[in-house]
Amino acid sequence: MSATVLVAEDELLIAMDVMDELGAAGFVTIGPFAKTSQALEYCRLNTPDCAVLDVRLADGESFPLADLLAERNVPVIFHSGHAARGALSARYPQMRVCPKPALTSEIASAVAELCRTAA
């Protein structure tokens with residue numbers, strides 16, 4: 001069974017690029033979610049294997065989603081141009097930061113590594 005990866009990104013072209021790369025790497029993608037509230041609604045009934053989150057989404061910061069995923073031990077990659085790496089690492093030491101702009105292949109490699117580590 002392929003790992004599921006939730007994508008929360010409010011810039012549609014970036015979201016589609018990330019999802020296409022993850023799909024090509026063999027992952028099942030969920031989303032994209034442009035709002036934290038939409039992703040939280042999905043996570044009420046489902047738990048992805050990994051997540052790629054932009055820090056700033058259409059309805060605010062994605063931290064409530066990151067907190068929920070951290071509680072469930074779901075590995076997360078923050079893909080954002082608005083995030084301070086040090087602050088994110090302090091708040092979420094187990095999560096990765098992949099600042100924008102990043103190659104989608106780098107994101108897919110990081111997802112693969114996190115999924116292997118979590119397995």
Side-chain angles (χ1 to χ4, degrees):
M1 183 174 161
S2 297
T4 58
V5 183
L6 181 145
V7 177
E9 170 62 65
D10 61 348
E11 294 182 46
L12 186 59
L13 292 177
I14 293 172
M16 299 311 294
D17 282 347
V18 169
M19 293 180 72
D20 286 348
E21 185 76 29
L22 292 170
F27 297 103
V28 175
T29 56
I30 303 156
F33 297 100
K35 297 181 177 181
T36 300
S37 59
Q38 294 168 329
L40 284 169
E41 182 65 29
Y42 171 84
C43 288
R44 283 190 178 90
L45 300 174
N46 305 280
T47 301
D49 296 307
C50 189
V52 177
L53 309 180
D54 189 357
V55 170
R56 289 189 189 164
L57 297 175
D59 60 350
E61 293 180 331
S62 63
F63 296 136
L65 176 59
D67 292 340
L68 174 67
L69 295 170
E71 289 172 14
R72 295 184 185 176
N73 295 314
V74 173
V76 169
I77 297 168
F78 286 105
H79 179 231
S80 180
H82 298 75
R85 181 183 290 261
L88 283 174
S89 295
R91 183 169 178 174
Y92 303 104
Q94 73 283 17
M95 299 184 183
R96 298 268 179 92
V97 179
C98 199
K100 288 181 183 174
L103 296 174
T104 53
S105 58
E106 291 176 29
I107 297 167
S109 293
V111 167
E113 183 180 332
L114 287 174
C115 286
R116 277 192 307 273
T117 303

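Here the structure is a predicted model, which means the values were calculated and not measured.
For the pair Q38 (side chain) and A34 (backbone), a donor-acceptor distance under 3.5 Å is present. In this structure a side-chain-to-backbone donor-acceptor pair under 3.5 Å is present from D10 to A58. When atom types are taken as modelled, the side chain of T29 and the backbone of G23 share no donor-acceptor pair closer than 3.5 angstrom. D59 places a side-chain N or O within 3.5 Å of a backbone atom of T36 that can act as its donor or acceptor partner. Remark: the backbone N or O of T4 is paired with a side-chain donor or acceptor of D49 at under 3.5 angstrom.
Summarising the geometry, atom NE2 belonging to H79 is positioned 3.5 Å from atom CD1 belonging to I107; distances are rounded to the nearest 0.5 Å. Note that CD1 of I77 is 6.5 Å distant from SG of C98, once rounded to the nearest 0.5 Å. Taking CG from L57 and CD from E61, the interatomic distance works out to 9.5 Å, rounded to the nearest 0.5 Å. In this structure, the separation between CZ on F27 and SG on C115 is 5.0 Å, given to the nearest 0.5 Å. With values rounded to the nearest 0.5 angstrom, R72 atom CZ is found 12.0 Å from D67 atom CG. Taking CG of L53 as the reference point, atom CG of L69 lies at 6.0 Å (rounded to 0.5 Å).
Remark: R96 does not engage E106 in a salt bridge, criterion side-chain N to carboxylate O under 4.0 Å. The pair R56-E9 fails the salt-bridge criterion, with no side-chain N (NZ, NE, NH1 or NH2) lying under 4.0 Å from an Asp/Glu carboxylate O.
A donor-acceptor pair shorter than 3.5 Å cannot be found between the side chains of D17 and T104.
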Exercise for review: Give the C-alpha distance, both sets of side-chain angles, the deciding distance and a yes or no for side chain to side chain contact (heavy atoms under 4.5 Å, CB included) between K100 and E11.
Suggested key: CA-CA 12 Å; K100 288 181 183 174; E11 294 182 46; 3.7 Å; yes
Practice item. Could you walk me through whether E113 and R116 pass the salt bridge (charged side-chain N to carboxylate O under 4.0 Å, His left out) test, one step at a time? Key: CA-CA 5 Å; E113 183 180 332; R116 277 192 307 273; 5.1 Å; no
Practice item. Apply side chain to side chain contact (heavy atoms under 4.5 Å, CB included) to the pair V55 and L88, showing each step before the final yes or no. Key: CA-CA 10 Å; V55 170; L88 283 174; 4.1 Å; yes
Point to revise | Chi angles and distances behind the side chain to side chain contact (heavy atoms under 4.5 Å, CB included) call for V5, M19 | key: CA-CA 9 Å; V5 183; M19 293 180 72; over 6 Å; no
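A heavy-atom distance below 4.5 Å is found between the side chains of L6 and C43. At a threshold of 4.5 Å between non-hydrogen side-chain atoms, the residues V111 and L22 count as touching.
Geometrically, R91 engages F63 in a cation-pi contact defined by less than 6.0 Å to the ring centre and at most 45° from the axis.
Within a 6.0 Å sphere centred on NZ of K35, other residues, nucleotides and ligands contribute 12 heavy atoms or fewer.
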